[in-house]
Amino acid sequence: MPELPEVESQARDVKRWVAGHIIKEVWVGWTKTIATPSAALFKKKLIGRRLKKVYRRGKFIIIDLDKGLSLVSHFRMTGHFRVAPVSQSASAARWYLYPPDRFTRVAFMLDHDLVLHFSDIRKFARLWLVATDRIRHMPALAKLGPEPLEPKFTPDKFVQCVRGYSGMIKPVLLNQACVAGIGNIYADESLFDAGVHPKTRLDKLDDAQLKVLGQMVKKNLTAAVKHGGSSVGDFVNAKGESGKHGMYLRVYGKKGEPCRRHRNGKPCAGTVKRIVVAQRGTHICPICQKVKR
DNA sequence: ACTAGCCCCTGGGAGC
DNA sequence: TGCTCCCAGGGGCTAG
């Protein structure tokens with residue numbers, strides 16, 4: 001599923017391939033994908049607009065257009081953008097069918113024969129068309145916590161953010177109001193690296209442990225961005241290529257595999273287990289990560 | 001302010 | 001091989 005690194009990869013691709021282009025036509029195949037306004041108004045307002053600035057905030061991609069409009073997107077589970085040339089063999093009226101993707105929910109025909117597809121298998125992803133100066137008032141964006149990859153987001157800052165919450169550590173990591181952009185994959189990986197059980201309650205963790213966890217969050221997100229994301233759940237970039245971080249994952253999706261940690265040169269004897277924490281599938285090594293009570 | 005439970009959806013895995 | 005059943009999972013929402 002797309003988390004910060006996958007969304008960052010997409011944002012960079014969209015910026016690289018379509019920034020500066022003008023929207024000539026809009027096709028909506030699933031109206032619920034458009035959170036606001038109505039599909040008709042969405043089309044009407046977008047045609048003729050130029051895509052200017054493209055950036056990421058948490059797991060959102062924001063595309064600023066001319067005339068004070070912004071297209072905000074969230075991928076949820078399976079959404080992604082895809083950039084493709086207009087098919088020369090296709091019927092001009094059915095431009096949105098190329099390349100063939102039965103999961104394209106919204107498509108934008110751009111100038112210079114390019115098409116931007118917004119594809120989403122499970123139909124959970126959303127697009128919002130809002131006035132640029134209203135973005136900061138969107139509830140989902142307004143509540144977002146700090147960006148974990150910003151230089152000023154130090155391990156101390158992480159401790160400070162996390163200390164504003166209570167309860168189990170994993171749901172706090174997943175809470176976008178605490179730190180923006182962390183999802184199930186990087187939460188599990190970071191907890192594993194820090195040797196912290198996801199069910200450990202915050203008041204049982206001291207600042208030193210939280211600091212290590214903060215370092216691991218940053219390390220994992222940085223590495224994943226470098227590798228173009230993880231391609232778990234068929235994530236691909238805007239050119240349809242897989243991310244390469246999947247091969248670096250150590251616990252996520254590794255149920256039944258031996259733990260990859262070494263102690264004093266010897267491999268850990270643990271086997272990766274899948275448990276459920278806060279209604280989410282969670283991967284741990286029962287030897288490296290013990291709950292503190 | 002917290003947690004549990006439901007909802008949105010579909011592909012894919014399990015079971016037969 | 002092919003059918004049906006079941007369910008993950010981000011985040012919004014409601015109820016307790």
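- Distances shown here put every side-chain N or O of A:Q279 at or beyond 4.0 Å from the OP1 or OP2 atom of C:dG9.
- A close approach under 4.0 Å does occur between a side-chain nitrogen or oxygen of A:K123 and OP1 or OP2 of B:dT10.
- Close to C:dG11, at under 4.0 Å from its OP1 or OP2, lies no side-chain N or O of A:K143.
- Across the protein-nucleic acid pair, A:E3 atom CD and C:dG10 atom C1' stand 10 Å apart, rounded to whole Å.
- Atom pair A:L174:CG and C:dG12:C1' shows a separation of 15 Å (rounding to whole Å applied).
- Among B:dG5, B:dG11, C:dG10, the nucleotide with an atom closest to any side-chain atom of A:R102 is B:dG11.
- Atom CG in A:N175 sits about 12 Å away from atom P in B:dA1, given to the nearest Å.
- If A:G167 and A:R126 are placed on DNA chain B by their nearest nucleotide, the residue sitting closer to the 5' end is A:G167.
- Straight-line distance from the CH2 atom of A:W30 to the C1' atom of B:dT10: 11 Å, rounded to whole Å.
- No N or O donor and acceptor, one from the side chain of A:R122 and one from the base of B:dG11, sit under 3.5 Å apart.
- Picking from B:dG11, C:dG10, B:dC2 the nucleotide with the shortest atom distance to the side chain of A:N184 gives C:dG10.
- Atom CE in A:M168 sits roughly 9 Å away from atom C1' in B:dT3 (whole-Å rounding).
- Per the geometry, CG belonging to A:L144 stands 12 Å off C1' belonging to C:dG11, to the nearest Å.
- Here A:A140 lies in heavy-atom contact (under 4.0 Å) with sugar-phosphate atoms only.
- Within a 6.0 Å radius of CZ in A:R263, more than 12 heavy atoms belonging to other residues, nucleotides or ligands are found.
- Checking the phosphate oxygens (OP1, OP2) of C:dG10, no side-chain nitrogen or oxygen of A:H74 falls inside 4.0 Å.
- The environment of A:K219 atom NZ is dense: over 12 non-hydrogen atoms of other residues, nucleotides or ligands sit within 6.0 angstrom.
- Nucleotide B:dC9 holds its C1' atom 9 Å from the CZ atom of A:R105, rounded to whole Å.
- For A:Y165, the listed nucleotide lying nearest its side chain is B:dC2; candidates were B:dC2, B:dT10, C:dG12.
- Applying the 4.0 Å criterion to OP1 and OP2 of C:dG10, one finds that A:R280 has a side-chain N or O inside that range.
- Across the interface with DNA chain B, nearest-nucleotide mapping of A:S166 and A:K32 shows A:S166 to be the residue nearer the 5′ end.
- Here A:R274 reaches the OP1 or OP2 of C:dG9: one of its side-chain N or O atoms lies under 4.0 Å away.
- Comment: A:K59 does not engage A:E3 in a salt bridge, judged by the lack of any side-chain N to carboxylate O separation of less than 4.0 angstrom.
- Partner A:R163 forms a salt bridge (Lys or Arg N to Asp or Glu O under 4.0 Å) with one of A:D206, A:D207, A:D203 and no other, that one being A:D207.
- Atom CZ of A:F103 is separated from atom C1' of B:dC9 by 11 Å (rounded to the nearest Å).
- In this structure, the side chains of A:D64 and A:Y55 come closer than 4.5 Å at one or more pairs of heavy atoms.
- Taking a centre distance below 5.5 Å and an interplanar angle below 30 degrees as the stacking criterion, A:F124 stacks against the six-membered base ring of B:dC8.
- The only option from A:K45, A:R50, A:R49 that meets the salt bridge (Lys or Arg N to Asp or Glu O under 4.0 Å) definition with A:D66 turns out to be A:R49.
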